[in-house]
Amino acid sequence: MHFRLAQWYAQAARDLPWRREDCSAWGVMVSEIMLQQTPVVRVLPRWEEWMRRWPTPAATAAASAAEILTVWDRLGYPRRALRLQAAAQAIVERHGGEVPGTRQELLALPGVGEYTAAAVACFAFDQPEVVVDTNIRRVHARVFSGHALPGKTFTAQQRKLAHDVMPQTAHDDGELACTWNIAAMELGALICTARAPKCVECPVQDLCAWRAAGSPPATEEQQTRGQAWAGTDRQVRGAMMAVLRTGEPVQRSVLLETLPLPEAGMEQRVRCLDSLLRDGLAAEDKELVALPGVI
DNA sequence: AAGTCGGGGGC
DNA sequence: GCCCCAGACTT
């Protein structure tokens with residue numbers, strides 16, 4: 001299976017800037033943070049702009065929070081941007097400005113969890129890590145377990161499966177591990193997609209337990225049940241951040257009253273503004289509110 | 001283990 | 001309109 005996946009990846013992989021040979025470890029790390037819960041096509045322009053302005057951890061560490069949040073723009077989950085800057089500052093302080101190359105050191109950085117630590121260690125430093133993201137979980141669920149979708153939560157059982165199905169040789173060879181991981185991720189992104197998978201184009205279709213079982217639909221337990229959006233605090237916070245990203249400080253009362261969300265009550269608006277201030281995504285001075293660093 | 005945290009493009 | 005997207009963090 002490794003050989004077939006590798007062969008398929010060699011001819012089908014997208015040419016993404018953070019996969020190029022000359023991309024720095026920092027570039028890989030920035031991409032991994034941006035790609036958390038965010039599709040590649042939306043990350044591309046933000047990554048290019050970020051790397052153009054702040055090509056090193058030191059440059060990122062020195063920027064103002066307002067600049068960081070402005071360049072992040074509408075990528076979503078803006079707390080990721082602040083954590084990325086905090087990670088850059090930790091890299092400067094603890095690692096002399098160089099992105100650390102081990103899973104454990106990476107895990108200690110803000111915003112870096114199990115997936116991102118393994119991904120950066122593997123893709124940027126050729127460490128033989130077992131990488132498990134949403135694509136890989138889905139590919140494994142289908143090919144090896146015969147299920148349409150993995151469960152909602154990442155279980156110890158799935159972690160063991162991912163470890164066990166990685167080729168023996170890849171556990172000691174970083175480059176082999178890298179190919180195995182990235183190829184499985186790419187397969188999940190391009191062929192073995194959540195909806196309408198392109199099984200006829202799949203390089204391992206004849207090995208797939210799910211296909212062999214007749215591609216049974218997902219059980220109700222496996223349905224992901226999308227998070228609600230309309231009317232949530234997340235929507236209100238996002239609308240407030242969009243106002244703040246215009247750059248000018250605004251009167252607190254104006255920010256609270258002029259949101260394009262008539263259904264949002266004042267209690268909710270106040271709660272959301274307070275949470276943005278608490279998260280460091282906004283700052284206030286007397287009655288003015290702005291991105292942190294502007295005031 | 002469950003909730004929270006953005007935003008947009010595809011179907 | 002719903003669903004999903006290279007998750008992390010808190011409770």
Side-chain angles (χ1 to χ4, degrees), chain A residues 13-14 16-19 27-47 69 72-84 86-87 106-124 129-139 148-159 162 178 181-190 192-198 218 221-245 260-261 271-272 275-276 278-281:
Chain A
R14 293 166 291 182
L16 302 174
W18 46 85
R19 285 179 181 168
V28 173
M29 180 166 163
V30 171
S31 78
E32 294 300 346
I33 301 290
M34 288 184 170
L35 286 163
Q36 292 168 2
Q37 298 288 282
T38 311
V40 165
V41 287
R42 292 185 51 209
V43 166
L44 276 169
R46 295 299 95 213
W47 185 89
L69 293 169
W72 192 263
D73 197 35
R74 290 175 294 179
L75 262 189
Y77 297 137
R79 296 187 299 183
R80 287 185 295 168
L82 297 184
R83 292 189 188 125
L84 180 56
L106 288 160
L107 256 183
L109 299 173
V112 177
E114 184 175 352
Y115 161 76
T116 302
V120 173
C122 187
F123 302 148
E129 300 292 344
V130 180
V131 177
V132 188
D133 77 321
T134 186
N135 287 307
I136 291 178
R137 289 177 60 222
R138 186 176 55 253
V139 168
L149 295 172
K152 279 165 288 213
T153 55
F154 182 36
T155 63
Q157 204 170 23
Q158 292 177 14
R159 187 180 294 102
C178 185
N181 289 321
I182 199 75
M185 286 174 69
E186 194 75 338
L187 187 73
L190 299 182
C192 196
T193 51
R195 284 175 300 180
K198 305 178 179 69
E221 279 186 78
Q222 294 165 339
Q223 308 281 359
T224 47
R225 203 175 317 292
Q227 299 163 300
W229 171 243
T232 61
D233 285 4
R234 287 161 64 204
Q235 184 185 31
V236 174
R237 284 165 55 104
M240 287 180 174
M241 288 302 293
V243 173
L244 296 179
R245 275 194 305 267
L261 298 170
R271 177 174 71 241
C272 288
S275 72
L276 290 178
R278 192 166 56 247
D279 288 343
L281 290 166

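So you know, we letter chains A, B, ... as the sequences are listed, proteins then strands, and number each from 1.
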Can you pull the salt bridge (Lys or Arg N to Asp or Glu O under 4.0 Å) pairs that have at least one residue in residues 38-47 of chain A, sequence neighbours excluded?
-> none
Using atom OH of A:Tyr115 as one end and atom C1' of C:dC9 as the other, report the distance to the nearest whole Å.
-> 18 Å
Residues in side chain to side chain donor-acceptor pair (under 3.5 Å) with A:Arg234, at least two apart?
-> A:Tyr77
Could you tell me the separation between the CG atom of A:Asp133 and the C1' atom of C:dC5, rounded to a whole number of Å?
-> 10 Å
Provide the distance between the two C1' atoms, one in B:dG6 and one in C:dC5, to the nearest whole Å.
-> 12 Å
With sugar-phosphate meaning primed atoms plus P, OP1 and OP2, does A:Trp18 contact a base, only sugar-phosphate, or nothing at under 4.0 Å between heavy atoms?
-> base
Calculate the interatomic distance between A:Glu114 atom CD and C:dT10 atom P; express it in whole Å.
-> 16 Å
Only counting residues at least two apart or in another chain, list the ones meeting salt bridge (Lys or Arg N to Asp or Glu O under 4.0 Å) with A:Glu186.
-> A:Arg14, A:Arg19
Spacing between A:Arg278 atom CZ and C:dC9 atom P, to the nearest angstrom | 18 Å
Side chain to side chain donor-acceptor pair (under 3.5 Å) involving A:Ser275 - partner list, sequence neighbours excluded = A:Arg237
Report the distance from atom CG of A:Leu84 to atom P of C:dA6, rounded to the nearest whole Å.
-> 19 Å
C:dA6 and B:dG3, which share atom name C1', separated by this distance in whole Å | 22 Å
Could you pull out all residues at least two apart from A:Glu32 that satisfy side chain to side chain donor-acceptor pair (under 3.5 Å)?
-> A:Tyr115
Roughly, in whole Å, what's the span from NZ in A:Lys152 to C1' in C:dC4?
-> 15 Å
In chain order, what residues pass the side-chain contact (heavy atoms from CB on, under 4.5 Å) check against A:Thr155, with sequence neighbours excluded?
-> A:Thr153, A:Gln157, A:Gln158
Produce the list of close N/O pairs, under 3.5 Å, pairing protein atoms with atoms of nucleotides 7-11 of chain B; give distances to one decimal.
{"residue": "B:dG7", "atom": "OP2", "partner": "A:Gly238", "partner atom": "O", "Å": "3.4"}
{"residue": "B:dG7", "atom": "N2", "partner": "A:Arg42", "partner atom": "NH1", "Å": "3.1"}
{"residue": "B:dG7", "atom": "N3", "partner": "A:Arg42", "partner atom": "NH1", "Å": "2.9"}
{"residue": "B:dG8", "atom": "OP1", "partner": "A:Arg74", "partner atom": "NE", "Å": "3.2"}
{"residue": "B:dG8", "atom": "OP1", "partner": "A:Arg74", "partner atom": "NH1", "Å": "3.0"}

With heavy atoms under 4.0 Å as the rule, sort A:Thr232 into base, sugar-phosphate or nothing.
-> nothing
If the P atom of B:dG8 is compared with that of C:dA8, how far apart are they to the nearest Å?
-> 23 Å
Side-chain donor or acceptor of A:Arg245 paired with backbone N/O of A:Asp73 under 3.5 Å = yes
For A:Arg138 and for A:Gly113, locate the closest nucleotide of DNA chain C by heavy-atom distance; then report the residue assigned to the nucleotide nearer the 5' terminus.
-> A:Arg138
So what does A:Ala194 touch, heavy atoms closer than 4.0 Å: a base, only the sugar-phosphate, or nothing?
-> sugar-phosphate
Side-chain (A:Arg79) to main-chain (A:Asp279) donor-acceptor, under 3.5 angstrom = no
With A:Thr134 via side-chain contact (heavy atoms from CB on, under 4.5 Å) - residues at least two apart = A:Arg138
Can you tell me the distance, in whole Å, between the CZ atom of A:Phe154 and the P atom of B:dG3?
-> 20 Å
So what does the secondary structure string of DNA chain B come out as, 5' to 3', with Watson-Crick or wobble pairs under 3.5 angstrom, [ ] for crossing and | for pairs with another strand?
-> |||||.|||||
Between C:dC9 (P) and A:Leu107 (CG): distance, integer Å = 9 Å
